[in-house]
Amino acid sequence: MYKAKAYAASSPSSGLASTSITRREPTEHDVQLEILFCGICHSDLHQARNEWSGMMPTVYPCVPGHEIVGRVTKVGSAVKKFKAGDLGAVGCMVDSDRTCPECKAGLEQFCPNFTLTYNFPDKHTGGVTYGGYSDSIVVDEHFVLRVPSNLDLAGTAPLLCAGITTYSPMRHWGVTKGSKVGVVGLGGLGHMAVKFGHALGAHVVVFTTSPGKKDDAIRLGADEVVISRNADEVNRHAGSFDFILDAVAAVHDINLYVNLLKRDGNLTMVGAPAEPLPVGVFGLLFRRRSFSGSLIGGIAETQEMLDFCGQHNITADVEVIPIQKINEAYERLLKSDVKYRFSIDMASLKSE
Ligand code: NAP
Ligand code: ZN
C-alpha cells in the first residue's frame, strides 16, 4: 500500500478538500498511472452530494473522478498491453467478474459483479474505490484503455465517460448517415453526442434550455437548434426523429420528446436525475415508439470509441482548471455554465 494525494468530499455538504488516501501497490495484472487530467462529470457531483442515496448511497470520504488520462509509471509482471511511459486511460469501471454472460459479450457495464471507479466496494483494500481526483491510480490492465497519440490529453479525458456514454447508444440504435437525431441538453454528454452524431453522418438537432448556446451547438456540428422552453418550436419536429438522446441531469418533461419520434423511433435516457420521470404511455403505443436507458459502454467499445476519436480528431471542448477550483466548478455545473466539460490539470495537486 502507498499514500496518494487526492481531493475528497467528507459529507454531502462539505465540498471537496485536499486529503491523502491509500492505494494498493500494483499486483501482477495491474497498471499504475500518474494521473495527468481528469474530467468532471455531473455524476461526480450527484455522488459527492449523495443525490443518488436511494440507488447508490455515498460512502465518505468520497474521491470522485472517472474520466482519467495518465502516464504509466509501473506495470505488474503479467501486464502485456502497457509499459512504463505509455499513455493510458481509465473510465467508470475498474473491474468485473469476466465470466458472466455480460462480460463474455463485452458488456462489462452490465456485469452484476463489476466495480465502479469510485464509491464502490474495493476487493483489494476492503474499503471503497477512490477515483481520479488524485495524483495516481492502480487498475487491472483489462480496464485501462489505449489513448490515440494525436489527441489533446485534457480533451481526451472526458471521452472516458461523456464520450462512451453517448457513442454507445448511438451505435446500438443504428445512428448512421441520414438519420435524424435529437440531443437534449448541451452539457458534457450532450456536446459529445452532437460531435458523434455529426461524425456518423446524421442530421443533428439540439434541444437546449440555454439560448446562449445556439452558436456553439452549430459549431459543434448541429444542423438545427431548438430552444426547448418554446413548446411550439419543439412541436414543429413532431413525429420526425429516428433517435433522441436525452442527457439532462434534472427532472424535465420527456413526453415532449417521445412525441417527436417517428414510427419505431427510440428515445434513450442517459441523464440520471434522482427522481422518477413520468411517461405518458399513449405516446409510446402510437407509432410503436420505445423509451430506454443506456449505461456507459463496455471496454472493447470504449477502445473502439477512442480509436474513432483518433481517426476523426474528436475530443471534448474543455475548460482546464486546477483542482483547487473544484468547488467553484461544481457550482457552475449546476448552472449549466461550462463549455462544455471541466478537465482538471492534475499537476495542480502537486502543491497540496
Ligand atoms: P452537465 O454537463 O451538467 O449537462 C447537463 C445539461 O442538461 C445542461 O448543460 C443543460 O443543458 C441541461 N439541463 C440542466 N438542467 C436542466 C433542466 N432543469 N431542464 C432541462 N435541461 C437541463 O451534465 P453531464 O455531465 O453531461 O451529465 C448529464 C447527466 O448524465 C447527469 O445526470 C449524469 O449523472 C448522467 N450520466 C449518465 C451516464 C450513463 O452512463 N447513463 C454517464 C455519465 C453521466 P442546456 O443548457 O443545453 O439546456
Ligand atoms: Zn460520468
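Small disclaimer: the values here were computed from a predicted structure and weren't measured. All residue numbers refer to positions in the sequence shown, counting from 1. We count ligands from 1, going down the list as the structure has it; atoms in each ligand are counted the same way.
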Of the choices [options], which has the non-hydrogen atom that lies closest to [atom]?
atom	options	value
atom 27 (O) of ligand 1	H42, K335, Q47	H42
atom 16 (C) of ligand 1	L189, V184, V248	V248
atom 43 (C) of ligand 1	P273, G185, C161	C161
atom 11 (O) of ligand 1	L186, T208, L45	L186

Of all the non-hydrogen atoms in the protein, which one sits nearest to [atom], and at what distance?
atom	result
atom 35 (C) of ligand 1	V270 O, 3.5 Å
atom 10 (C) of ligand 1	S336 OG, 3.4 Å
atom 48 (O) of ligand 1	T209 OG1, 2.5 Å
atom 30 (O) of ligand 1	G271 CA, 3.3 Å
atom 25 (O) of ligand 1	R341 NH1, 2.6 Å
atom 5 (C) of ligand 1	A247 O, 3.7 Å
atom 46 (O) of ligand 1	S210 OG, 2.5 Å
atom 40 (O) of ligand 1	I296 N, 2.8 Å

Within ligand 1, which atoms have a heavy atom of [X] less than 4.0 Å away?
X	answer
L333	2 (O), 3 (O)
C41	25 (O), 43 (C), 44 (C)
T165	38 (C), 39 (C), 40 (O), 41 (N), 42 (C)
L295	40 (O)
K213	9 (O), 11 (O), 45 (P), 46 (O), 47 (O)

Atom [atom1] of [X] with >12 non-hydrogen neighbours under 6.0 angstrom:
X	atom1	value
K81	NZ	yes
D215	CG	no
R288	CZ	no
H252	NE2	yes
R219	CZ	yes
Y2	OH	yes
M1	CE	yes

Inset, instruction - Assert yes or no for the condition that the ring centre distance of F241 to Y257 is strictly below 6.0 Å. - result: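 No; Y257 has its ring centre 6.0 Å or more from that of F241.
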Check: [X] N/O within less than 3.5 Å of ligand 1 N/O:
X	value
W52	no
S43	yes
H252	no

Inset, instruction - Evaluate the criterion salt bridge (charged side-chain N to carboxylate O under 4.0 Å, His left out) for residue pair D140 and R98; output intermediate values, then yes/no. - result: CA-CA 12 Å; D140 186 291; R98 284 174 255 179; 3.4 Å; yes
Legend entry - Any A162 heavy atom less than 4.0 Å from ligand 1: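 Outside the 4.0 Å threshold, so no.
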Inset, instruction - Would you please determine whether M269 falls within less than 4.0 Å of ligand 1 on a heavy-atom basis? - result: no
Legend entry - Main-chain N/O of T58 paired to N50 side chain as donor or acceptor, under 3.5 Å: yes
Inset, instruction - May I ask you to decide if K180's main-chain N or O and D242's side chain share a donor-acceptor pair within less than 3.5 Å? - result: yes
Legend entry - Side-chain donor-acceptor pair present, E352, Q324, cut-off under 3.5 Å: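 Yes, Q324 and E352 have a side-chain donor paired with an acceptor closer than 3.5 Å.
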Inset, instruction - Specify side chain, backbone, both or neither for A250, according to which of its non-hydrogen atoms lie closer than 4.0 Å to ligand 1. - result: side chain
Legend entry - Short N/O/S contact of C161 with the Zn ion (ligand 2) (below 2.8 Å): yes
Inset, instruction - Please determine if the Zn ion (ligand 2) has an N/O/S atom from H66 lying under 2.8 Å away. - result: yes
Legend entry - Intermediate values then yes/no, side-chain hydrogen bond (donor to acceptor under 3.5 Å, both in side chains), D30 and T27: CA-CA 5 Å; D30 282 337; T27 62; 2.8 Å; yes
Inset, instruction - Anything under 30° is parallel, anything over 60° is perpendicular, the rest tilted; go ahead and classify F308 against F196. - result: tilted
Inset, instruction - Could you state whether Y167 and I296 fall into the same hydrophobic cluster, counting links through intermediate Ile, Leu, Val, Met, Phe, Trp or Tyr residues with side-chain heavy atoms under 4.5 angstrom apart? - result: yes
